[in-house]
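Proteins get letters first, then strands, A, B, ... in listed order; numbering begins at 1 in each. None of these values were measured; they are calculated from a predicted model. We use all heavy atoms of the structure for the numbers below, so side chains are in, but hydrogens, waters and symmetry mates are not.
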Protein chains: 2
Amino acid sequence: MKTPKISEAVVRRLPVYLRYLQQLQDSNIRTVSSYELGQKLDMNPAQIRKDLAYFGEFGRKGIGYEVGYLVEKIKQILKIDRHLNCALIGAGHLGIALSNYNRFTQEKLCITAIFDNSVDKIGTEVGTIKIQPLDEIERTIQDRDILIGIITVPAPEAQKVADRLVGSGVKGILNFAPVSLRVPSHVSVRNADLTTELQTLAYYID
Amino acid sequence: MKTPKISEAVVRRLPVYLRYLQQLQDSNIRTVSSYELGQKLDMNPAQIRKDLAYFGEFGRKGIGYEVGYLVEKIKQILKIDRHLNCALIGAGHLGIALSNYNRFTQEKLCITAIFDNSVDKIGTEVGTIKIQPLDEIERTIQDRDILIGIITVPAPEAQKVADRLVGSGVKGILNFAPVSLRVPSHVSVRNADLTTELQTLAYYID
DNA sequence: TAGATTGTTAATCGATTAACAATC
DNA sequence: TAGATTGTTAATCGATTAACAATC
């Protein structure tokens, strides 16, 4: 997969395309044009074609895109065609919610370890995963080839947890804590902070 | 507040500034320069100054920004200096997590109604809020001046719920369901879909 | 005053959209 | 063939960054 230089904006749209294409698959729809995709996703068809064309020629002129083929290709591009293990740190309500949510929808991108420091929680199971103490972060991440950490601890602990994840070799962090994490440039961070989202939404009310 | 034409990129950065400024407030730091902010948030100082300057002259040349004053101003800009009621639809793990999360951190932007159709859940309380059946969405939203809906129902139900929220007069939707919602242009939607975030993150691994 | 830092203009950079030849 | 739709180039639009006069 040769990548000239793909902007984050493009990468963020790929999962949106994928999600809708999978819906089409479920409805047994075989082909789709950029025009139809644009209609449904409220996007410019030229943008969709251009986004896809960064990665290859996936369509056929005069016909459109073959849904199943495009689904596979986007999965390859996003690297979710192979297993990718995630660790969740913080087994509060949000953490538990995510580990359930995750189990049902994403088999290849799944949470394989959960950590929390509460004595009540250590040793109990969420689905099939036993909650471990934070002491075991480093060893477990290395042993189980975990490359992504999901942070759902309270804000004051988030940076410390991030440092330990980075130190253990994690390559990406999904951060639900309301702080700006500082990590080395070889580690990617995505923020998913409810407060930030709600505040942004508030701006547009009225 | 005169607004020439503010891009979403700018609006999305304001809560990030706010969050860090509030941290400075907690540390009793009185003033801060765009350079310092840029260092901590990993952003270009010129961008920070420009973002703020869209809304007024909040700083002092040679000095920087007064933290407390800037916090108040950003709150005003985002319209989170006044009460804004939210309804949560879907009292699953994620929904419960959000209603707790929310209660602690945001007094003015708070969840004041929770809906679910599960017989087990209706009538039980989350914090101080009683879970109501979906039947009561329209009446409750109108009676309580709810302007924001937070959707945490399963994907297949999300569009139906969105339609009902819009029909009841909601102006903004925070959508946690993995679907692209279709709403009229006077309603704002923000998507907070874990799957999309994780898939985007996967692209950057290795 | 000298040093620091804003607000803002101008320059650069990048992303989106339009247009169209290629072709199914 | 005629109509449809891609992939891609060129044009447009918008966002970020640099630079600096104003001024605390």
Using a cut-off of 4.0 Å on non-hydrogen atoms, how would the nucleic acid contact of A:Tyr65 be classed: base, sugar-phosphate, or nothing?
-> sugar-phosphate

Rounded to whole Å, the CD1-P distance (A:Ile6 to C:dA15) equals 10 Å

Among C:dA19, D:dT5, C:dT6, which nucleotide sits nearest the side chain of A:Arg49?
-> C:dA19

Identify all side-chain donor-acceptor contacts of residues 164-181 of chain A below 3.5 Å with residues at least two apart in sequence or on another chain.
residue: A:Arg164; atom: NE; partner: A:Glu138; partner atom: OE2; Å: 2.9
residue: A:Arg164; atom: NH2; partner: A:Leu134; partner atom: O; Å: 2.7
residue: A:Arg164; atom: NH2; partner: A:Glu138; partner atom: OE1; Å: 3.0
residue: A:Ser168; atom: OG; partner: A:Arg164; partner atom: O; Å: 2.6
residue: A:Lys171; atom: NZ; partner: B:Asp206; partner atom: OD1; Å: 3.0
residue: A:Asn175; atom: OD1; partner: A:Ala177; partner atom: N; Å: 3.0
residue: A:Asn175; atom: ND2; partner: A:Ala177; partner atom: O; Å: 3.1
residue: A:Asn175; atom: ND2; partner: A:Val179; partner atom: O; Å: 3.1
residue: A:Asn175; atom: ND2; partner: A:Asn191; partner atom: OD1; Å: 3.0
residue: A:Ser180; atom: OG; partner: B:Arg19; partner atom: NH2; Å: 3.2

Measure from the side-chain heavy atoms of B:Ala9 and tell me the nearest of D:dT16, C:dT16, C:dT6.
-> D:dT16

Taken to the nearest whole Å, CD/B:Glu57 to C1'/C:dT8 is 10 Å

Specify the separation, in whole Å, of atom CG of A:Asn44 and atom P of D:dT5.
-> 16 Å

Test: B:Glu66 and B:Lys73 ion pair at under 4.0 Å | no

Most 5' of A:Ile63 and A:Ala46 on DNA chain C, judged by nearest nucleotide = A:Ala46

Ion pair A:Arg190/A:Glu8, N-O distance below 4.0 Å | yes

Quick note, B:Ser34 side chain, CB onward, closest among C:dT6, C:dT8, D:dT6 is C:dT6

About how many Å separate CD1 of A:Ile96 and CG of A:Asn100, when rounded to the nearest 0.5 Å?
-> 7.0 Å

Select one nucleotide: of C:dA19, D:dA18, D:dT9, the one nearest the side-chain heavy atoms of A:Lys50.
-> D:dT9

Would you mind classifying the nucleic acid contact of B:Arg60 as base, sugar-phosphate or nothing, using non-hydrogen atoms under 4.0 angstrom?
-> sugar-phosphate

Test item: B:Ile77 and B:Phe58 side chains (from C-beta on) under 4.5 Å apart, heavy atoms | yes

B:Tyr54 has an atom OH; how far is it from atom P of D:dT16, in whole Å?
-> 8 Å

Do any N or O atoms from the side chain of A:Ser27 and from the backbone of A:Gln23 form a donor-acceptor pair under 3.5 angstrom?
-> yes

Intra- and inter-strand pairing of DNA chain D, written as dot-bracket with Watson-Crick and G-U pairs under 3.5 Å and | for the latter, reads ..||||||||||||||||||||||

Between residues 181-193 of chain B and DNA chain D, which residues have a heavy-atom gap below 4.0 Å?
-> none

Compare the minimum distances between each of C:dG7, C:dT17, C:dA22 and the side chain of A:Lys61, then state the nucleotide with the smallest one.
-> C:dA22

